[in-house]
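Written below as structure tokens is the structure these notes are about.
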Amino acid sequence: MSKREFQTEVSQLLQLIIHSLYSHPEIFLRELISNSSDALDKLRHLTLTDDAFKGLAFDPRIDLELDEANKTLTIADTGIGMNEEDLVAHLGTIARSGTKNFLSQLSGDAKRDSNLIGQFGVGFYSAFMVADRVEVVSRKAGEELAWRWTSDGKTGFDIEPAERLVAGTTVTLHFNEEGEQYANSWRLQEVVKKYSNHIAFPIFLTYDKSEWNDAEKKSEKTHTTEQVNAASALWRRPKNELTETDYKELYKSISGDWEDPLFWFHTKAEGSLDYTTLFYIPAKAPLDLYQAEYKTGVKLYVKRVFIMDDAKELLPSYLRFVRGIIDSEDLPLNVSREILQQNRVLTSIRTASVKKILSELKNIAANQPEQYLKFIAEYNRPLKEGLYSDFANRETLLDLIRFKSTKVEGLTSLADVKSRMKEGQKSLYYITGGAESLLRTSPLLEIYKKKDLEVLILDDDIDEIVFSGVEKYGDIDLKAVNKASTSEDLQDEAEPDKAETLKPLLDKLKATLGDRVKEVRASVRLADSPSCIVSDEAEPSMKMQQMLRAMGQ
Ligand code: ADP
Ligand code: MG
């Protein structure tokens, strides 16, 4: 037997899991079942695509076996399995940077932290919330030897050769005090239904069932095996057969979120391409939304067979908060990430999916404004990124995004701003380049106030870059107030002779400021302040100039 130590991060994680994350210990079962389901997906995929595995008899199933007397539970699958190397790599280290990130985000607040655990899928190690000893016996598909991994979740683990009849993995939990409540068949069935009902493979529970024997007038125990999940690809069923609870349960099982989703959009497309999509909008933005290494939440299936998750090709990056499923009839099963990038079928599905999501959001904005504001509170900013990257849907995105403005409290839409335009007004105006309070008191707004023109307050850090590329909303010009060219809307009261009288002053200012300015001009845009700095329309604005300089331009 060989003894190994856990990677430092694993020990750290185990400490946390065992000592501070007790609020939902039941998720251990969801995590272990989802690992089994992943392992079955992987093997099924091989049997369909890899010649070496094509002849393999594949009987996909997950078996839970409860021993109430000894307080143990085994979770066995007929999946891809692990060899010695895999066991060491997967159950002794943390490879994914996402999880390392998770560790750094922990706050010590148990409730918040266990939410994080769900999102990052800390996975296998959650077994140690309920067990003081865990044993894993696994045999990798295509290999003869099996291996046993055992650990008390404290310092390290042991590995030794073992036996297993077929490929797959068996995890045995020796329940601790916290885990004893799960040495109960009712409780187990409840937890499986709650989190794993729609796992695509059958989950069986074997236990000693008490049944009343009428003849003997006493209760008897019989060793029973029952299927405990629905095991259907729920998204392939017609909408009218599905309840709200079905949708919410599926969401929780695929996303690891505890909360109900805000909305979902279920679409079956038939015609030149056949596919089903089911998209969910989480109530809260995923924690890694603004991290370069974010995980996407849409899974790709081909004919109900799981192909891959975290494929960044499935939706544009500004919709990375969307969770759900794309199930295609037309893609090949052995589609790879590389192929996906230029696959015509996927490109069509993706284009249609984006249109669908945006148009559904538009409906919600029109018909459920309060719900829509909840959406905006989380996702206004990613939508703005779309203005920059998704030219084809720019008009729709402009209608979906909400804005702060000088005329209303809270948020407003461009359609509303447009409806408030004054008789004869030519353009819509916005100001960027700082915090809201700074923008609201900017001298640049004086003339607009005086003329009663509405100005949008764009105080998001990306606003300046994004909106400098958006010239129009419909046929109306969108103009930044800090660009030099004065708009027609302001010009009616211009006094050209003023420039003449002010010329000596302007020349003197220019001489004093020298190269620090390009030009000193008389302006109609100020009402009360004596002067302000603006940038040339053709030139990048101040903030852009700073950013370009920082990038070495
Ligand atoms: P994740 O599932 O997010 O990768 P886990 O901690 O749940 O993280 O599991 C770590 C890894 O261990 C998995 O990625 C997988 O490679 C391996 N693993 C865990 N359980 C099984 C299993 N039942 N069969 C095969 N491999 C498994
Ligand atoms: Mg897992």
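First listed ligand is number 1; within each ligand, the first listed atom is number 1.
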Worksheet item: Under 2.8 Å from the Mg ion (ligand 2), is there an N/O/S atom belonging to Ser34?
Response: no
Item to complete: In plain terms, say whether Arg61 and Asp77 are close enough for a salt bridge, that is, a side-chain N and a carboxylate O under 4.0 Å apart.
Response: no
Fill in: Between Glu220 and Ser210, a side-chain donor and acceptor under 3.5 Å
no
Practice prompt. Counting heavy atoms only, name the option from Ile62, Asp86, Thr170, Asp77 that's nearest to atom 23 (N) of ligand 1.
Written response: Asp77
Item to complete: Describe, in one word, how the ring planes of Phe321 and Tyr379 are oriented to each other, choosing from parallel (under 30°), tilted (30 to 60°) and perpendicular (over 60°).
Response: parallel
Practice prompt. For ligand 1, find out whether one of its N or O atoms is nearer than 3.5 Å to an N or O atom of Asn35.
Written response: yes
Item to complete: For Ala39, take its heavy atoms, then give the atoms of ligand 1 lying under 4.0 Å from any of them.
Response: 24 (N), 25 (C)
Fill in: Per-residue contact class, Val171 against ligand 1 - non-hydrogen pairs under 4.0 Å
neither
Worksheet item: Less than 3.5 Å between some nitrogen or oxygen of Glu31 and one of ligand 1, yes or no?
Response: no
Item to complete: Anything under 30° is parallel, anything over 60° is perpendicular, the rest tilted; go ahead and classify Phe265 against Phe263.
Response: parallel
Discussion item. For Phe175 and Tyr182, take the angle between the two ring planes, folded into 0 to 90°, and tell me which bin it lands in: parallel under 30, tilted 30 to 60, perpendicular over 60.
Written reply: tilted
Worksheet item: Within the structure, does Thr169 bring an N/O atom to less than 3.5 angstrom of an N/O atom in ligand 1?
Response: yes
Worksheet item: Which of the numbered atoms in ligand 1 are below 4.0 angstrom from a heavy atom of Leu91?
Response: 12 (O)
Practice prompt. For residues Tyr251 and Glu259, report the shortest heavy-atom separation together with the two atoms involved.
Written response: CE2-O, 3.3 Å
Worksheet item: With only distance considered, is Phe124 within less than 3.5 Å of ligand 1 through an N or O on each side?
Response: yes
Practice prompt. Look at the rings of Phe6 and Tyr125 and say which category their plane angle falls in: under 30° parallel, 30 to 60° tilted, over 60° perpendicular.
Written response: perpendicular
